[in-house]
Protein chains: 2
Amino acid sequence: MPAEAKVSAKVNKVAKVDARVTAPASPPLTERQEARRRRILHASAQLASRGGFDAVQMREVAESSQVALGTLYRYFPSKIHLLVATMQDQLEHMHGTLRKKPPQGETAAERVAETLMRAFRALQREPHLADAMVRALTFADRSVSPEVDQVSRQTTAIILDAMGLEDPTAEQLSAVRVIEHTWHSALITWLSGRASIAQVKIDIETVCRLIDLTAPGVDP
Amino acid sequence: MPAEAKVSAKVNKVAKVDARVTAPASPPLTERQEARRRRILHASAQLASRGGFDAVQMREVAESSQVALGTLYRYFPSKIHLLVATMQDQLEHMHGTLRKKPPQGETAAERVAETLMRAFRALQREPHLADAMVRALTFADRSVSPEVDQVSRQTTAIILDAMGLEDPTAEQLSAVRVIEHTWHSALITWLSGRASIAQVKIDIETVCRLIDLTAPGVDP
DNA sequence: ATCAAGTCTGAAACTTGTTCTAGATTAGCG
DNA sequence: CGCTAATCTAGAACAAGTTTCAGACTTGAT
């Protein structure tokens, strides 16, 4: 029989969170394992905050989190997996934070733009961390699809929250997907210094207009 | 004084191409150097076509193109630079091809969507090559900004061509940027198996609606 | 033709992500 | 408590991107 295993059963998040945005509870972890995982994610975020993607070196992460290199790889099968998991972690925080103060805009488009700009400002406070996470996200190959998909669902949830919709139409979901595309790509252009903050703002506002365009009753 | 240098002066492309999309003529290359550069790019594209990003190994590129590793690095200071240059190369071909058969759509949005879908189908024929190029493009850091920017300008030129515009408004340029964002990001989701071809098509068509939205006379 | 400066080559070294191994630890069960 | 399977650790080993270096080769100028 397994060793460190099935001990916890209280790992569930904030309780009422939509099942589609909560990670599939794979083999439950021991408390010590949960602690290790946290230490690793913490070290990852910390190193990323310093020097971005390149500063997150697996040996350093292992050392900082007091874990052997082999163990690190058991928890996160690659650097990309690790950074995407770090992003999931940060996104959860963000979603929680955003929930507390819903956007004030009149239209759905305004609220979504406001929400994304708020998230953007948060990223600006830790540009290196943003760099590491976003680069990992877009560089991820098929082996990371489930995790990246999870991040995508979480992002979708945040946007739908901002729109204040119960059940969006297929058209609206398309618009949301396009908004996500723009969001990721605009972040990249900003991170690599090819677009200014103002530019990103304009792009976000521009793409959010799609929401009004696809509002029920318009162009049905 | 330099050795292999200033010999050519006929390196200019197809002649009438807009200056904004033609690379800044850095130190002109000898014919042999131009030939080396071509061999390298060819080897890069060939290896990429086989196995995508990972299959483009610098040692192999060097060997395939009959060039020492150090020389390869002199021409392209990193694997990312090499692949982005490969993309520039391919994009030029593509732009040339697209020019020949302009899209038939009624509206600008239709023509842009048609053009992008045509490009998409071309990429589908060499999915591994697409993988290598797009991954490199989005993974590129600041040190590759000039080259990535060049690719972006070329892409913009293709889209503006499809729209058939002389001098676009600022608003239209925003829409074009958003379309490019969507284009890149949608490609990534397709390449990593998280979106189907149909999905990409829908996203492209959705974002192209922004063009009509920003047409002069609408929402001035 | 000769020379100085810049290029190219071949090979080794270095870096960082990833894999592998042997032995020490830990968890849960009887 | 003692057993067994799984996990963890330390460290070596491997792979591919990148750097470095000494020596051979080209080039344009004198």
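Note on naming: letters A, B, ... go to the chains in the order of the sequence lines (proteins, then strands), and numbering restarts at 1 for each one.
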(message) Name the residue from B/Arg99, B/Lys101, B/Lys100 that meets the salt bridge (Lys or Arg N to Asp or Glu O under 4.0 Å) definition with B/Asp161.
(response)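 Among B/Arg99, B/Lys101, B/Lys100, the one that satisfies the salt bridge (Lys or Arg N to Asp or Glu O under 4.0 Å) with B/Asp161 is B/Arg99.
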(message) Looking at C/dT7, I'd like to know if its phosphate oxygens (OP1 or OP2) sit under 4.0 Å from a side-chain N or O belonging to B/Tyr75.
(response)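 B/Tyr75 to C/dT7 OP1/OP2: no side-chain N or O under 4.0 Å.
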(message) Taking 4.0 Å as the cut-off, does a side-chain nitrogen or oxygen of A/Gln33 come that near to OP1 or OP2 on D/dC8?
(response)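 Yes.
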(request) Tell me, please, which residues at least two apart from B/Asp149 pass salt bridge (Lys or Arg N to Asp or Glu O under 4.0 Å). (result)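 Expected list: A/Arg194, B/Arg153.
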Got a sec, which residues hit side chain to side chain contact (heavy atoms under 4.5 Å, CB included) with [X], two or more places apart in sequence or on another chain?
X	result
B/Ala119	B/Met94, B/Trp183
B/Ser78	B/Ile80, B/His81
A/Ser174	A/Arg177, B/Ile202, B/Thr206

What is the distance from [atom1] of [X] to [atom2] of [N], rounded to the nearest Å?
X	N	atom1	atom2	answer
B/Phe76	D/dT18	CZ	P	13 Å
B/His81	D/dG17	NE2	C1'	14 Å
B/Arg37	C/dT7	CZ	P	16 Å
A/Glu63	D/dC8	CD	C1'	17 Å
B/Leu72	D/dT18	CG	P	9 Å
B/Arg36	C/dT9	CZ	C1'	10 Å

(request) Kindly state each residue pair satisfying ring pair (Phe, Tyr, Trp, His ring centres under 6.0 Å) with at least one member in residues 135-159 of chain B, sequence neighbours excluded. (result)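 Residue pairs passing ring pair (Phe, Tyr, Trp, His ring centres under 6.0 Å), neighbours aside: A/Phe53-B/Phe139, A/Phe139-B/Phe139.
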(message) Strictly by salt bridge (Lys or Arg N to Asp or Glu O under 4.0 Å), give each pair with a member in residues 44-64 of chain B just once, sequence neighbours left out.
(response)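 Output for this query is empty, none listed.
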(request) Would you mind building the protein contact string for nucleotides 15-25 of chain C? One character per nucleotide, 5' to 3', B for base within reach (heavy atoms under 4.0 Å), S for sugar-phosphate only, - for untouched. (result) -BBBB------
(request) Would you mind classifying the nucleic acid contact of B/Gln66 as base, sugar-phosphate or nothing, using non-hydrogen atoms under 4.0 angstrom? (result)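 Since only primed, P, OP1 and OP2 atoms lie under 4.0 Å of B/Gln66, the category is sugar-phosphate.
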(request) Could you list all the side-chain hydrogen bond (donor to acceptor under 3.5 Å, both in side chains) pairs where at least one residue sits in residues 121-132 of chain A, not counting sequence neighbours? (result)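 As it turns out, the side-chain hydrogen bond (donor to acceptor under 3.5 Å, both in side chains) pairs with a partner in residues 121-132 of chain A, which skip direct neighbours, are A/Asp131-A/Arg135.
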(message) Using a strict heavy-atom distance below 4.0 Å, which residues from residues 131-145 of chain B are in contact with DNA chain D?
(response)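 Those residues: none at all.
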(message) In the structure I gave you, are the side-chain heavy atoms of A/Phe120 and A/Ile197 within less than 4.5 Å of one another anywhere?
(response)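 Counting from C-beta outward, A/Phe120 and A/Ile197 do come under 4.5 Å.
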